[in-house]
Undergrad: 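Take this structure, written in structure tokens, and hold onto it; I'll ask about it next.
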Amino acid sequence: MGTFASRFYNRLVIIIPYAWLLLFFLAPFFIVFRISLSTTAIAIPPYEPVFSLADGWSGFWSKVATFSFDNYGYLTDDPLYFNAYLSSVIIAGISTFLMLLIAYPIAYGMAQAPRTIRPTLLMLVILPFWTSFLIRVYSWIAILKPEGLLNQLLLSLHIIDSPLIILNTNTAVYIGIVYSYLPFMVLPLYSALEKMDGTLIEAAQDLGCTPIRAFWRVTFPLSIPGVIAGCMLVFIPAVGEFVIPDLLGGSQTLMIGKTLWSEFNSNRDWPVSSAVATILLLILVIPIVFFQNAQAKAEERGR
């Protein structure tokens with residue numbers, strides 16, 4: 001009886017996350033994918049075909065036969081979507097790199113701080129989450145606009161002669177993304193650095209390594225799992241970000257999140273916007289799957 005109960009609980013532990021994944025990821029994905037194969041219609045909902053249980057199996061398969069990949073072909077014909085994907089990846093990549101440069105010293109300093117103050121430092125990193133995301137993004141408008149706090153400070157210190165034009169540019173988008181997602185980079189890095197054995201650095205220095213060389217030979221390689229986790233946590237949502245480029249970016253800021261919103265709400269073209277969302281998901285998920293498989297094989301070879 002005990003063996004049966006333990007097997008049941010072991011399987012239950014595995015089934016629950018898969019059920020969660022099926023319910024909240026795969027099911028919505030297939031709904032969006034189905035809409036992407038439909039055609040636009042002036043109706044509610046604004047696409048055809050719309051399935052109904054009253055149609056029966058024959059009606060269901062007759063509507064499935066009307067599915068088409070024309071919406072995906074349309075994405076290849078219009079350069080707007082390719083440019084939006086490319087711009088989103090570039091902006092997200094640069095923002096991720098900037099966050100890594102800023103977050104690594106912060107996480108390293110937290111990991112080297114006395115254990116008594118580490119919880120306080122960790123709380124300070126998490127503290128921005130206690131405020132609404134929208135309020136924090138809107139606050140940057142008051143800071144970055146020509147008559148905002150930043151320009152007033154620089155003018156009062158006589159560092160600049162005229163206000164800087166930062167708002168409604170890509171620079172403002174970088175600032176907003178870095179500020180908003182920085183804790184997601186700091187926390188994985190801190191987790192990796194905090195667990196590191198400090199005697200390894202001492203041993204490297206005893207063997208003749210300078211502090212800088214010991215960092216690059218010992219500390220950074222051991223923190224690579226945290227670097228990878230942090231980069232994924234910030235890069236993936238940054239690619240599809242909508243709020244920050246919409247509020248802080250200008251008309252020339254092209255990101256796939258704004259394009260997707262425009263297709264859904266302004267053009268009311270749900271099939272094309274669903275195709276855009278499906279391609280975006282594949283762009284993000286497929287490289288991650290290949291990377292995880294390669295990492296798993298590398299760990300097996302290391303054993």
Undergrad: Should Val125 and Leu121 be marked as a side chain to side chain contact (heavy atoms under 4.5 Å, CB included) after you check the CA-CA gap, both sets of side-chain angles, and the distance that decides it?
TA: CA-CA 6 Å; Val125 173; Leu121 297 176; 5.8 Å; no

Undergrad: Mind listing the closest non-hydrogen atom pair of Ser36 and Asn71 along with its distance?
TA: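 Ser36 and Asn71 have their closest heavy atoms at O-ND2, 2.6 Å.
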
Undergrad: Please list all pairs passing the ring-ring contact (aromatic ring centres under 6.0 Å, His included) test where one or both residues lie in residues 151-176, with sequence neighbours left out.
TA: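 For residues 151-176, and leaving out neighbouring residues, there are no ring-ring contact (aromatic ring centres under 6.0 Å, His included) pairs at all.
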
Undergrad: Any side-chain to backbone donor/acceptor pair from Arg136 onto Pro128? Under 3.5 Å, distance only.
TA: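 Yes; at least one donor-acceptor contact below 3.5 Å.
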
Undergrad: Do Tyr179 and Phe97 share a hydrophobic cluster, counting only Ile, Leu, Val, Met, Phe, Trp and Tyr and linking them when any side-chain heavy atoms are less than 4.5 Å apart?
TA: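 Different clusters: Tyr179 never reaches Phe97 through Ile, Leu, Val, Met, Phe, Trp or Tyr contacts under 4.5 Å.
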
Undergrad: Would Phe69 and Leu37 count as a side chain to side chain contact (heavy atoms under 4.5 Å, CB included) if you check the C-alpha gap in whole Å, the side-chain angles of each, and the deciding distance to 0.1 Å?
TA: CA-CA 6 Å; Phe69 286 92; Leu37 301 178; 3.7 Å; yes

Undergrad: Quick one: pull up CH2 in Trp261 and CD1 in Ile256 and give me the separation to the nearest 0.5 Å.
TA: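 Rounded to the nearest 0.5 Å, the CH2-CD1 separation comes to 14.5 Å.
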
Undergrad: To the nearest 0.5 Å, tell me how far Leu248 CG sits from Asn168 CG.
TA: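 So the CG of Leu248 and the CG of Asn168 are separated by 8.0 Å.
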
Undergrad: With a 3.5 Å distance limit and no angle check, can you tell me whether Ser38 reaches the backbone of Arg34 through a side-chain donor-acceptor pair?
TA: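 Side chain of Ser38 to backbone of Arg34, a donor-acceptor pair under 3.5 Å: yes, one is there.
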
Undergrad: Looking at Gly73, is its backbone amide N or carbonyl O close enough to the side chain of Thr76 to form a donor-acceptor pair, meaning the two atoms are under 3.5 Å apart?
TA: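 Present.
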
Undergrad: Between Thr259 (side chain only) and Ala84 (backbone N and O only), is there a donor and an acceptor less than 3.5 Å apart?
TA: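 No; judged by distance alone, with no hydrogens or angles, the pair does not exist.
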
Undergrad: Would you indicate whether Phe67, at its atom CZ, is surrounded by more than 12 heavy atoms from other residues, nucleotides or ligands within a distance under 6.0 Å?
TA: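 Atom CZ in Phe67 is crowded, with more than 12 foreign heavy atoms closer than 6.0 Å.
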
Undergrad: Taking Leu260 as the starting point, is it possible to reach Leu80 by hopping between hydrophobic residues whose side chains are less than 4.5 Å apart?
TA: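 They do not share one cluster, since no chain of ILVMFWY contacts under 4.5 Å joins Leu80 to Leu260.
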
Undergrad: Can you measure from OG (Ser95) to CD1 (Ile177) and round to the nearest 0.5 angstrom?
TA: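 Taking OG in Ser95 and CD1 in Ile177, the distance rounds to 4.0 Å.
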
Undergrad: So, for Leu23 and Ala27, which heavy atoms are closest and what is the spacing to 0.1 Å?
TA: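 Minimum heavy-atom contact is O-CB, 3.7 Å.
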
Undergrad: So, for Asn151 and Leu164, which heavy atoms are closest and what is the spacing to 0.1 Å?
TA: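 Residues Asn151 and Leu164, closest heavy atoms: OD1-N, 2.7 Å.
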
Undergrad: To the nearest 0.5 Å, how far apart are CG in Leu280 and CD1 in Ile236?
TA: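 Rounded to the nearest 0.5 Å, the CG-CD1 separation comes to 10.5 Å.
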
Undergrad: Rounded to the nearest 0.5 Å, what separation is found between the CG atom of Leu284 and the CD1 atom of Ile279?
TA: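 Going from the CG atom of Leu284 to the CD1 atom of Ile279 covers 11.5 Å.
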
Undergrad: Please assess Ile166 against Ile175 for the test side chain to side chain contact (heavy atoms under 4.5 Å, CB included), listing each intermediate value before the final yes or no.
TA: CA-CA 10 Å; Ile166 302 177; Ile175 293 173; 4.2 Å; yes

Undergrad: Strictly distance-based, threshold 3.5 Å: is any side-chain N or O of Gln152 a donor or acceptor partner for the main-chain N or O of Glu147?
TA: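 Pair found, side chain donor or acceptor close to backbone of Glu147.
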
Undergrad: Going by the angle between their ring planes, with limits at 30° and 60°, are Phe25 and Phe29 parallel, tilted or perpendicular?
TA: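 Ring orientation, 0 to 90° scale: parallel.
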
Undergrad: Hydrophobic clusters here meaning ILVMFWY residues chained together by side-chain heavy-atom distances under 4.5 Å, can you tell me if Tyr72 and Phe264 are in one?
TA: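 Same cluster.
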
Undergrad: Could you list all the salt bridge (charged side-chain N to carboxylate O under 4.0 Å, His left out) pairs where at least one residue sits in residues 60-85, not counting sequence neighbours?
TA: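 Non-adjacent pairs meeting salt bridge (charged side-chain N to carboxylate O under 4.0 Å, His left out): Asp55-Lys63.
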
Undergrad: Kindly list each side-chain donor-acceptor pair under 3.5 angstrom involving residues 215-224, sequence neighbours excluded, with atom names and distances?
TA:
| residue | atom | partner | partner atom | Å |
| --- | --- | --- | --- | --- |
| Ser223 | OG | Tyr104 | OH | 2.6 |
| Ser223 | OG | Thr219 | O | 3.4 |
| Ser223 | OG | Phe220 | O | 2.8 |

Undergrad: Please tabulate, one pair per line, all N/O donor-acceptor pairs under 3.5 Å involving side-chain atoms of residues 271-278, not counting sequence neighbours.
TA:
| residue | atom | partner | partner atom | Å |
| --- | --- | --- | --- | --- |
| Ser273 | OG | Asp269 | O | 3.0 |
| Ser273 | OG | Trp270 | O | 2.9 |
| Ser274 | OG | Trp270 | O | 2.8 |
| Thr278 | OG1 | Ser274 | O | 2.8 |

Undergrad: Roughly how far, to the nearest 0.5 Å, is CD1 of Ile143 from CG of Leu149?
TA: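 The CG atom of Leu149 sits 6.0 Å away from the CD1 atom of Ile143.
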
Undergrad: Identify the heavy atoms of Val137 and Ser180 that sit nearest to each other, and give their distance.
TA: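 Distance-wise, the nearest heavy atoms are CG2-OG, 4.2 Å.
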
Undergrad: Give a yes or no on whether Ile212 atom CD1 has more than 12 heavy-atom contacts from other residues, nucleotides or ligands under 6.0 Å away.
TA: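 At most 12 heavy atoms, drawn from other residues, nucleotides or ligands, come within 6.0 Å of this atom.
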
Undergrad: Does Leu254 share a hydrophobic cluster with Val243, counting links as ILVMFWY side-chain heavy atoms below 4.5 Å and allowing steps through other members?
TA: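 Different clusters: Leu254 never reaches Val243 through Ile, Leu, Val, Met, Phe, Trp or Tyr contacts under 4.5 Å.
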
Undergrad: Quick one: does Pro28's side chain get under 4.5 Å of Val32's, heavy atoms only?
TA: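 Side-chain contact under 4.5 Å: no.
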
Undergrad: Which heavy atom of Met255 sits nearest a heavy atom of Ile91, and at what distance?
TA: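 Nearest pair, atom of Met255 first, then Ile91: CG-CD1, 3.8 Å.
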
Undergrad: Closest approach of Pro245 and Val173, non-hydrogen atoms and distance?
TA: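 Heavy-atom minimum between the residues: CA-CG2, 4.0 Å.
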
Undergrad: For residues 185-195, run the donor-acceptor check on the side chains, cut-off 3.5 Å, and write out each pair with its distance to 0.1 Å, sequence neighbours left out.
TA:
| residue | atom | partner | partner atom | Å |
| --- | --- | --- | --- | --- |
| Glu194 | OE2 | Arg115 | NH1 | 3.3 |
| Glu194 | OE2 | Arg118 | NH1 | 3.3 |

Undergrad: Does Phe235 reach the side chain of Phe184, with side-chain heavy atoms less than 4.5 Å apart?
TA: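 A side-chain contact is absent here, since even the closest heavy-atom pair is not under 4.5 Å.
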
Undergrad: Is there a path from Leu182 to Leu101 through hydrophobic residues (I, L, V, M, F, W, Y) whose side chains come within less than 4.5 Å of each other?
TA: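 No, separate clusters.
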
Undergrad: With a 4.5 Å heavy-atom cut-off, do Thr39 and Ser68 have their side chains touching?
TA: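 The answer is no, as the side chains (C-beta and beyond) never meet within the 4.5 Å cut-off.
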
Undergrad: Counting only heavy atoms not in Asn265 (residues, nucleotides, ligands), do more than 12 fall under 6.0 Å from its CG?
TA: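 Counting other residues, nucleotides and ligands, CG of Asn265 exceeds 12 neighbours.
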
Undergrad: Please check this pair: side chain of Thr96 against backbone of Ala92, looking for a donor-acceptor N/O pair closer than 3.5 Å.
TA: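 Yes.
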
Undergrad: Among residues two or more places apart or on two chains, list those pairs meeting side chain to side chain donor-acceptor pair (under 3.5 Å) that have a residue in residues 224-247.
TA: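 Listed once each, the pairs are Tyr181-Glu241.
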
